[in-house]
Amino acid sequence: MTFRWGIFGTGQISAKFVAGLVSAQDAKAVMVASRSEQRAREFADALNIPTAIGGYDATAALEGVDAVYIATPPAHHADHAVRCLQAGVPVLIEKPFAANTTDAKRIADAARASGTFCMEGMWTRFMPAAQQLKALVDSGALGEIRQVSGSFGFSNAVDPANGSFDPARGGGALAHLGVYPISLGQWLFGTPVTMAAVGRRGSTSVDEDVSLSLRYASGVIGSFHTSLRSNSANDFRVDGTHGAASFRGPLFRPYGLWHARFQPRARAETASLGRKALLREHGLAQKLAQIAGAFGPRRGGSLNLVGGNGYHYEADEVARCIAQGLTESPVMPLNDSMAIADSLDQIRRMIDDTPRA
Ligand SMILES: NC(=O)c1ccc[n+]([C@@H]2O[C@H](COP(=O)([O-])OP(=O)(O)OC[C@H]3O[C@@H](n4cnc5c(N)ncnc54)[C@H](OP(=O)(O)O)[C@@H]3O)[C@@H](O)[C@H]2O)c1
């Protein structure tokens, strides 16, 4: 049976999600709600959605939908999600789950009280490359994991019309971008036990740049940074005693996984005085090695191409969980979302404590 989606919000991400449903197993959007009936109608006409609703509190919006995809600004997630959950309608809520810990708890409480499925739309967790990374880490193939690092930043002009810069809508680099490496770290290693952060708030008062050091219970050390004002490598990497892995492609939508295994160095290195060893240090040999490194194939790993635009993986997860009678996804459970919301709140407080030189 076709899974019927309702869509809350007519922003860019709603359009991408609906477009991505063509790659989902058997799903379509049947309703879109907007603050403006006209905007809902335009969105619905452009994307072949039969029902357009003005307002987010109309009960008609929830009729005949199997789940609602909530793609409104983070500050509205709790109100919109709780309304659906209290009506017994499952929700997929765009990341970040909520604007703060209090809102996150409101959503989780409503989901649990009504026994209704609820999941944060951290779509990256469902990408094939991310699934492979998780399996690789859990298998122990990389040895004891010592370090994790990641970054997500885009250079944006400061624009209060852009929700990322609007505190009233739940903006900020952490909420919109930094949540990706933080969520991936939480998935792989659990909730951090120690965090230290420095950051900068901008003219609209949202956090624009954040650098975060953290430690997980297993001893893994993490280093993440995020920015609304500069481009980052947008990478994610895990380093163990016997191997390493990093995403190919941007961390939010990786299309492959580079990974390599090695043995730790057995002992301290001593001087190599042989002819071959000394030849390797010659300038020409060094140059050739650099050219081979720059242009040669990057060995190891796999391509895990993203089918479609990638949003269908999380959509399929929602449909699968609901079909199985689950109220949470084992991949993105409510406790993880609440822990991440709490981490983001803690980091924001640390930024406010950063001395300004
Ligand atoms: N997964 C991803 O790749 C990805 C990418 C970008 C954003 N996101 C997430 O998606 C969510 C929405 O982000 P966005 O950048 O699309 O946000 P946005 O443009 O600020 O808002 C999205 C939509 O929410 C509706 N809305 C409801 N109340 C609003 C209010 N008070 N002010 C403005 N709009 C309001 C608007 O639709 P109507 O005018 O029709 O009501 C608007 O088009 C966020 O949680 C964000 O982090 C995810």
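Note that ligands are numbered from 1 as they come in the structure, with each ligand's atoms numbered from 1 the same way.
- Among all protein heavy atoms, the one lying closest to atom 3 (O) of ligand 1 is Tyr311 OH, 2.8 Å.
- Phe8 and Tyr56 have tilted rings, their planes meeting at an angle from 30° to 60° on a 0 to 90° scale.
- For atom 6 (C) of ligand 1, the closest non-hydrogen atom of the protein is Gln12 NE2, 3.5 Å.
- For atom 22 (C) of ligand 1, the closest non-hydrogen atom of the protein is Ala71 O, 3.4 Å.
- The distance from ligand 1 to the heavy atoms of Tyr180 drops below 4.0 Å at these ligand atoms: 1 (N), 2 (C), 3 (O).
- Residue contact check: Pro74 has heavy atoms under 4.0 Å from atoms 44 (C), 45 (O) of ligand 1.
- Using a 4.0 Å cut-off between a side-chain N of Lys or Arg and a carboxylate O of Asp or Glu, Arg320 and Asp316 do not qualify as a salt bridge.
- The single protein non-hydrogen atom nearest to atom 48 (C) of ligand 1 is Glu94 OE1, 3.2 Å, given as residue, atom name and distance.
- Counting only non-hydrogen atoms, the option in Arg35, Glu37, Glu42, Arg169 that gets closest to atom 35 (C) of ligand 1 is Arg35.
- Remark: aromatic rings of Phe189 and Tyr216 are close, center separation under 6.0 Å.
- Residue Ser34 approaches ligand 1 through these ligand atoms, each under 4.0 Å from one of its heavy atoms: 38 (P), 39 (O), 40 (O), 41 (O).
- Residue contact annotation: Ala40 has no non-hydrogen atom under 4.0 Å from ligand 1.
- Neither the backbone nor the side chain of Phe252 comes within 4.0 Å of ligand 1, counting heavy atoms alone.
- You'll find the side chain of Phe154 reaches within 4.5 Å of the side chain of Asn231, heavy atoms only.
- A salt bridge does not link Asp352 to Arg348: none of the charged nitrogens lies less than 4.0 Å from a carboxylate oxygen.
- The protein atom (non-hydrogen) at minimum distance from atom 46 (C) of ligand 1 is Lys95 O, 3.5 Å.
- Ligand 1 has an N or O atom lying under 3.5 Å from an N or O atom of His77, backbone or side chain.
- Using a 4.0 angstrom heavy-atom cutoff, Ser36 does not count as in contact with ligand 1.
- In this structure, the protein non-hydrogen atom closest to atom 11 (C) of ligand 1 is Thr72 O, 3.5 Å.
- Among Ala161, Gly172, Pro73, Gly9, the residue whose heavy atom lies closest to atom 26 (N) of ligand 1 is Pro73.
- Ligand 1 has no atom lying under 4.0 Å from any heavy atom of Phe43.
- Nearest protein heavy-atom contact of atom 25 (C) of ligand 1 is Tyr56 OH, 3.4 Å.
- Taking only nitrogen or oxygen atoms, main chain and side chain alike, Gly11 reaches within less than 3.5 Å of ligand 1.
- Of all protein heavy atoms, the one closest to atom 37 (O) of ligand 1 is Thr10 N, 3.3 Å.
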